[in-house]
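Some notes on the structure that comes next.
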Amino acid sequence: MARERGVQVVTRWGHTLTDLDALLKRHPGGKPTTTYSSFLNHLDKQLKAVPLAVLNKPRQLPPVVDADLAGLGASAATSASSSAAPASDAADAFGVPSAAALCLGPATSGVILRGGETEALARMEACLSQQGGAWVAAFEKPSTSPTEIDPFGQHTRSTTCLSPYLKFGCLSARVLHERVAAVYAAHPKHAKPPTSLHGQVYWREFYYACAHGTPNYEMMAANPICRQIPWEDDPELLAAWREARTGYPWIDAAMTQLREEGWIHHLARHAVACFLTRGDLWQSWEKGAEVFEELLLDADPAINRGNWMWLSCSCFFYQYFRCYSPVAFPKKYDKDGAYVRKWLPQLKDFPAKYIYEPWKAPIADQKKANCIIGQDYPKPIVNHELKRALTQQKLPMSKKVLPRVEP
DNA sequence: GAGACGTTGAGCTT
DNA sequence: AAGCTCAACGTCTC
Ligand SMILES: Cc1cc2nc3c(=O)[nH]c(=O)nc-3n(C[C@H](O)[C@H](O)[C@H](O)COP(=O)(O)OP(=O)(O)OC[C@H]3O[C@@H](n4cnc5c(N)ncnc54)[C@H](O)[C@@H]3O)c2cc1C
């Protein structure tokens, strides 16, 4: 349309660090790689062609929204010049449709994050200045904790929690990259990819580049990089996982935080994704990705689908014996189960000894904690210990047998 | 074709 | 705390 009308169109790559077409041209055969270290070699070269980010000043005028284009009809038409236009039920004074006009119900979560670039920059700067830059310089992703009680609060945090801002373009990946580089310059002994904070931004770029150059990246079938796995299809198991009633408090607490806050820590995503797919329930990673896309504030198909393939050993990562235990893993971070107590208040008075496997608590303890397993909180829908016993048998797959267990 | 290596496991031995 | 083993791994380098 612009061309027909003689309007010049200027296109810039801004959502990623690099121009993904140019980045892929640096890959052998123009094909994306599925290994991070080779990716970094190509990225290093392309980064040299990336100009410094321009941080635009805030606009003087509110943007003009064409009500016809937005499908709202003439009555909702407003513009910057008609500043006296009253807000209608369907849209505010800037023409932004109301939640009701978009057929959305009232807010269901008490957690409200302020959006926008101003807020994003303030949050980024808060991270950068933490411990005078030492926090950013020392950032090692695998050793951050997934059980923070108030991850978006103003105090010190486990990870940056900037993902919703990056997803919506409130925060430029290039701005973040440059600001972190400035901190590194002042701290010569800073961490390095893949575990550093720069490394995290490069993981984002990695999945974007891979998605950009891979047909059917978002699914298993007809996806050339995705291992074809005969997942089972059990709607009951999927629903129990989605609705936080697996009977494993760590899994259910994370799924509850996901629904309430729209965000969980990276390692909590690992835990619930592993549990749904290769670890325990053997359900398709695509089903899990759909749930994440509904519930995550930072939901991003390139990153989300890529990480689901990773966790399910469908691409990028294949060490199947690195498997998360829904009981042992959270104990490393939260011995007393404060995170579980916050998100699953039914269990708040449960003894710490049984907080991650409450079905093992004697009935007297259950009564004392006011929480009967099977009644106030579900029994486990799957036996993780049994599955582990199976993988640990030192036998060829064909000779393995399920050990007998008590009902 | 062998060997190193892979952001983030568990459970055991030393 | 650090090192070892998983007996269903895949990719890259030499
Ligand atoms: C199954 C699964 C699904 C995921 N789905 C999403 C998603 O939909 N959207 C999303 O943004 N992230 C997703 N992630 C990646 C990661 O968990 C989040 O980006 C991270 O937890 C966001 O928190 P943060 O901003 O504090 O991260 P930080 O550790 O502070 O990292 C800074 C930024 O780097 C990027 N980043 C960090 N980790 C990754 C990663 N593993 N892959 C790609 N980019 C990364 C993000 O943009 C993040 O905001 C997923 C991970 C898993 C295991």
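What you see is a predicted model; the values in this text were computed from it and never measured. Every chain is numbered from 1 and lettered A, B, ... according to where its sequence line falls, protein lines coming before strand lines. All heavy atoms count here, side chains included; hydrogens, waters and symmetry mates do not.
- Contact of the A:H384 side chain with the A:P326 side chain is registered, since non-hydrogen atoms from C-beta on lie closer than 4.5 Å.
- Among the protein residues, A:K332 comes within range of the sugar-phosphate backbone only, with heavy atoms under 4.0 Å from sugar or phosphate atoms but none that close to a base.
- Across all strands shown, A:S196 has no heavy atoms under 4.0 Å from either base or sugar-phosphate atoms.
- Closest to the side chain of A:Q200, from the set B:dT7, C:dC12, B:dA10, is B:dT7.
- Proximity of A:K394 to the phosphate of C:dC6: a side-chain N or O atom is located under 4.0 Å from OP1 or OP2.
- A:E178 places a side-chain N or O within donor-acceptor distance of the main-chain N or O of A:A53, the cut-off being under 3.5 Å.
- If you take atom P in C:dG3 and the same atom in B:dC5, they sit 15 Å apart, rounded to whole Å.
- Atom C1' of C:dT5 sits at a distance of 16 Å from the matching atom of C:dC9, rounded to the whole Å.
- Rounded to an integer number of Å, the gap from CD1 of A:I229 to C1' of C:dC9 is 11 Å.
- The separation between A:K331 atom NZ and B:dT8 atom P is 23 Å, rounded to whole Å.
- Remark: the separation of the P atoms in C:dT13 and B:dT7 is 14 Å, to the nearest Å.
- For A:Q393 and C:dA7, the CD to C1' distance is 12 Å, given to the nearest whole Å.
- Taking the side chain of A:R227 as heavy atoms from C-beta on, and the options B:dG9, C:dC9, C:dC12, the nearest nucleotide is C:dC9.
- In this structure, the ring of A:F316 has its center less than 6.0 angstrom from the ring center of A:Y207.
- Here the nucleotide nearest the side chain of A:T34, chosen from B:dA10, B:dT7, C:dT11, is C:dT11.
- Nearest nucleotide to the side chain of A:T35, out of B:dT7, C:dT11, C:dA8: C:dT11.
- Here the NE2-OG1 distance, from A:H27 to A:T33, works out to 6.0 Å after rounding to the nearest 0.5 Å.
- A:R259 has no carboxylate O lying under 4.0 Å from a charged side-chain N of A:E243, or vice versa, which leaves the two without a salt bridge.
- Here the nucleotide nearest the side chain of A:Y36, chosen from C:dA8, B:dT7, B:dG11, is B:dT7.
- Remark: C:dC12 base-pairs with B:dG3; criterion is Watson-Crick or G-U wobble with both hydrogen-bond distances under 3.5 Å.
- With rounding to whole Å, A:F275 atom CZ is found 20 Å from B:dT8 atom C1'.
- When rounded to the nearest whole Å, the span between NE2 of A:H265 and C1' of B:dT8 equals 9 Å.
- Contact between the side-chain N/O atoms of A:K192 and the OP1/OP2 oxygens of B:dT7 is not found at any separation under 4.0 Å.
- Only the P atoms considered, B:dG1 is 25 Å distant from C:dA7, to the nearest whole Å.
- Distance, A:F139 CZ to B:dT8 P: 15 Å, rounded to whole Å.
- If you check every strand for non-hydrogen atoms under 4.0 Å, A:T195 touches a base.
- By the 6.0 Å contact criterion, CD on A:E236 is open, its count of non-hydrogen atoms from other residues, nucleotides or ligands being 12 or less.
- For A:E385 and B:dG11, the CD to C1' distance is 13 Å, given to the nearest whole Å.
- Of the residues in residues 306-322 of chain A, those placing a heavy atom less than 4.0 Å from an atom of DNA chain B are A:W310, A:Q319, A:F321, A:R322, in numerical order.
- Checked against the 6.0 Å centroid criterion, the rings of A:F275 and A:Y248 qualify as a close aromatic pair.
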May I have the step-by-step check of salt bridge (Lys or Arg N to Asp or Glu O under 4.0 Å) for A:R269 and A:D298, ending in yes or no? CA-CA 12 Å; A:R269 301 182 199 205; A:D298 61 35; 2.8 Å; yes
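- Atom CD of A:E385 sits in a sparse spot, with 12 or fewer heavy atoms from other residues, nucleotides or ligands closer than 6.0 Å.
- Rounded to whole Å, atom C1' of C:dG10 lies 16 Å from atom CD of A:Q228.
- B:dG9 is paired with C:dC6 under the Watson-Crick or G-U wobble criterion, all donor-acceptor distances under 3.5 Å.
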